2 protein chains.
Amino acid sequence: MDRVTNVFTRKLVGLASLNEHEIALLDAEATPIRLIAAHRDLIREGDKPGPVFVVLDGWACRYKMLPDGSRQIVAFMMPGDFCDIHAGILDEMDHAIGTLTACQIVAIPRERMDRLIVATPALTHAFWRAQLVDEGVLRAWIVSIGRRDSLQRVAHLMLELYVRLRSIGLANDERCEMPLTQAVLADSLGLTPVHLNRVLKVLRERRAMTLTGGTLQLLDPRELVRIAGFDNNYLHRRVPDEVG
Amino acid sequence: MDRVTNVFTRKLVGLASLNEHEIALLDAEATPIRLIAAHRDLIREGDKPGPVFVVLDGWACRYKMLPDGSRQIVAFMMPGDFCDIHAGILDEMDHAIGTLTACQIVAIPRERMDRLIVATPALTHAFWRAQLVDEGVLRAWIVSIGRRDSLQRVAHLMLELYVRLRSIGLANDERCEMPLTQAVLADSLGLTPVHLNRVLKVLRERRAMTLTGGTLQLLDPRELVRIAGFDNNYLHRRVPDEVG
DNA sequence: CGAGGTGTTGAAATATCTCAAGCGCCGTGG
DNA sequence: CCACGGCGCTTGAGATATTTCAACACCTCG
């Protein structure tokens, strides 16, 4: 396991039992690394299938623009996440993927990906499973936007991101980097930036959490979990500490 | 193609090119048929992996209950849809699946499903693809709830369901069966039943569509598409007629 | 016949949005 | 070195969309 060199591989190893050979295959794909600036599109809506992108560092997101110019972010991608085994299978992208910060990205050509998948059942299984987890996130997202008020919704998203960051070793104590502007968060939560700002203020005043200068600080995880109605088995991970 | 006997098989045939043998394999699974009453849970949140269910007739849905007793429906399942290749792969269900009307269901034991999948790559491909389509639906759902107002949202859902029904031959002219109560629709749209009712009234008054007695009637598809901001390539299908 | 689920409507309450303004920070160009 | 402009954050006040509460009509079913 200490042979694992990159987040991408590490994530998949966490999802399925892979042997040395399979791990080596994955690691071999994690090159060359490309540096992409913030606010660039990796894939645009309507694009034909291209390579599979893996985020090694930085944040990206899936999003969709509406005719009236508003944007809905549908998923956040952090180190280890990959975009679209999909595109190869469906005809055309129904949404775009763009960077939120500067990113390190690996682009795996479609054919290599396909070869990788058909050749090794264990990897098929790992990818499939990763996709199922993503689907679970999408469902949770719908539940949040559909039935939680803004306070619960914000608290829930913060916990989700915290838990995910933690599972890839990017969160310690009750703190993590979260380089997302309020506008970005608002676009993911179906809120207005103005309103999101007010909600953050409330959470701050209740001493539940703060989000400033690009870092999230959980002041009172227990309280935050309570506010959010956060399911502590979410994604089969949990927010640790005194909670639970 | 005329050898295809059930909606389930028919749907998969529409998603990938399957040969006679593979079609026969699928058809062989579509038995025995179980009759399930309305408002029964097929799978409950927290359940361990069980069989894969396929809806042959009737409507079901995925949903999640919140602590305060409210419900968010996350997906509608109509004839041909199947639930959870998932459950077998993840540890535990994070949502429930229940019938909305009386249903005809086939339960395929997990092991047979697994054997089917590993044995025939074309089927793996078909299932994978079906799952990707579902994921696209989930993303569109998020966009709707997050960024569209109630009028657009309702119009969009009606079009989505219409298009899906049409693709399995359950909609003709501009009309289809839609045995969903207003409460159910509200729970899927993140609205109140009362408000949904008012929205339906507006759509009726604008002579865009009516929904009464369990049947949806598109009076003015073009107008409805306009109201919804409906992407006519949605799911790579389209609402036909004068539209487009 | 009564009970409960479903659809309909009204009026008041509330959550969220919109518009508008000001502040601080930071990078750029003079 | 300073001034400027732009972006992100913050706050206020009024507008609007949606919810809540309440009542009633209709229908089916027992």
Side-chain angles (χ1 to χ4, degrees), chain A residues 37-39 59 66 68-73 100-102 144-158 177-205 209-217 227, chain B residues 37-40 59 66 68-73 98-102 144-158 177-205 209-217 227 229:
Chain A
H39 313 298
W59 289 66
L66 276 84
D68 69 348
S70 62
R71 171 177 68 166
Q72 177 67 43
I73 291 177
L100 294 169
T101 68
S144 260
I145 301 187
R147 283 290 176 231
R148 285 192 247 260
D149 67 26
S150 55
L151 192 71
Q152 302 173 303
R153 221 184 293 176
V154 172
H156 200 276
L157 179 63
M158 293 301 101
E177 300 281 305
M178 195 166 296
L180 307 177
T181 68
Q182 295 186 358
V184 164
L185 288 171
D187 278 347
S188 76
L189 291 162
L191 295 175
T192 293
V194 177
H195 194 61
L196 173 70
N197 181 287
R198 291 191 231 269
V199 172
L200 288 177
K201 184 180 178 185
V202 172
L203 288 169
R204 212 182 307 136
E205 286 168 351
M209 52 155 278
T210 62
L211 178 59
T212 44
T215 100
L216 169 68
Q217 170 85 258
I227 292 174
Chain B
H39 314 299
R40 294 288 155 75
W59 290 66
L66 276 84
D68 69 348
S70 63
R71 171 177 68 166
Q72 177 65 44
I73 291 176
T99 59
L100 293 168
T101 68
S144 259
I145 301 187
R147 285 289 177 233
R148 285 192 248 260
D149 67 26
S150 55
L151 192 71
Q152 301 174 303
R153 221 184 293 176
V154 173
H156 199 275
L157 179 63
M158 293 302 102
E177 299 283 306
M178 194 165 300
L180 306 178
T181 67
Q182 294 184 358
V184 164
L185 288 171
D187 278 346
S188 76
L189 291 162
L191 294 175
T192 292
V194 176
H195 193 61
L196 174 71
N197 181 289
R198 291 189 231 270
V199 171
L200 288 177
K201 184 180 179 184
V202 172
L203 288 169
R204 212 183 307 137
E205 285 167 351
M209 51 157 277
T210 62
L211 177 61
T212 44
T215 99
L216 168 69
Q217 171 84 258
I227 292 175

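All figures in this text were calculated on a predicted structure; none of them were measured in a lab. Below, read A as the first sequence line, B as the second, and so on, with proteins coming before strands; counting in each chain starts at 1. Heavy-atom basis, side chains included; hydrogens, waters and symmetry copies ignored.
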* Asked: Hey, mind stepping through A:R147 and B:D187 against side-chain contact (heavy atoms from CB on, under 4.5 Å) and telling me if it holds?
  -> CA-CA 9 Å; A:R147 283 290 176 231; B:D187 278 346; 2.8 Å; yes
* **B:T101 (side chain) donor-acceptor with B:W59 (main chain) under 3.5 angstrom** =>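 Yes; judged by distance alone, with no hydrogens or angles, the pair exists.
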* To do: Calculate, to the nearest 0.5 Å, the distance between atoms CG and CG belonging to A:L180 and A:L185 respectively.
  =>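 Here the rounded value is 5.0 Å.
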* Asked: To the nearest 0.5 Å, how far apart are OG in B:S144 and CG in B:L157?
  ->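 If I round to the nearest 0.5 Å, the distance is 7.5 Å.
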For [X] and [N], what is the distance between atoms [atom1] and [atom2] respectively, to the nearest whole Å?
X      : N      : atom1 : atom2 : result
A:Q152 : C:dA15 : CD    : P     : 12 Å
A:H39  : D:dC7  : NE2   : P     : 10 Å
A:I145 : D:dT18 : CD1   : P     : 15 Å
A:D187 : D:dG8  : CG    : P     : 12 Å
B:L196 : C:dT9  : CG    : P     : 13 Å
B:L100 : C:dG5  : CG    : P     : 16 Å

If the cut-off is 4.0 Å, is [X] near the phosphate of [N], judged by side-chain N/O to OP1 or OP2?
X      : N      : result
B:K201 : C:dT8  : no
A:T192 : C:dT16 : no
B:R148 : D:dA17 : no
B:N197 : C:dG7  : no
B:Q182 : C:dT8  : yes

Would you indicate which nucleotide in [options] comes nearest to any side-chain atom of [X]?
X      : options                : value
B:D149 : D:dC21, D:dC9, D:dT18  : D:dT18
B:H195 : D:dG12, D:dT19, C:dC17 : D:dT19
A:T181 : D:dG8, C:dG7, D:dT20   : D:dG8

* Residue pair A:L66 / B:Q152, side-chain heavy-atom distance below 4.5 Å ->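 No, too far: nothing below the 4.5 Å cut-off.
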* Which residue, A:R147 or A:L211, contacts DNA chain D at a nucleotide closer to its 5' end, judged by nearest heavy atom? ->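 Residue closer to the 5' terminus by nearest nucleotide: A:L211.
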* A:R198 or B:L191, whichever maps to the more 5' nucleotide of DNA chain D ->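 Final value for this comparison: A:R198.
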Touch check for [X], heavy atoms < 4.0 angstrom, all strands: base, sugar-phosphate only, or nothing?
X      : result
B:S150 : sugar-phosphate
B:G214 : nothing
B:G190 : sugar-phosphate

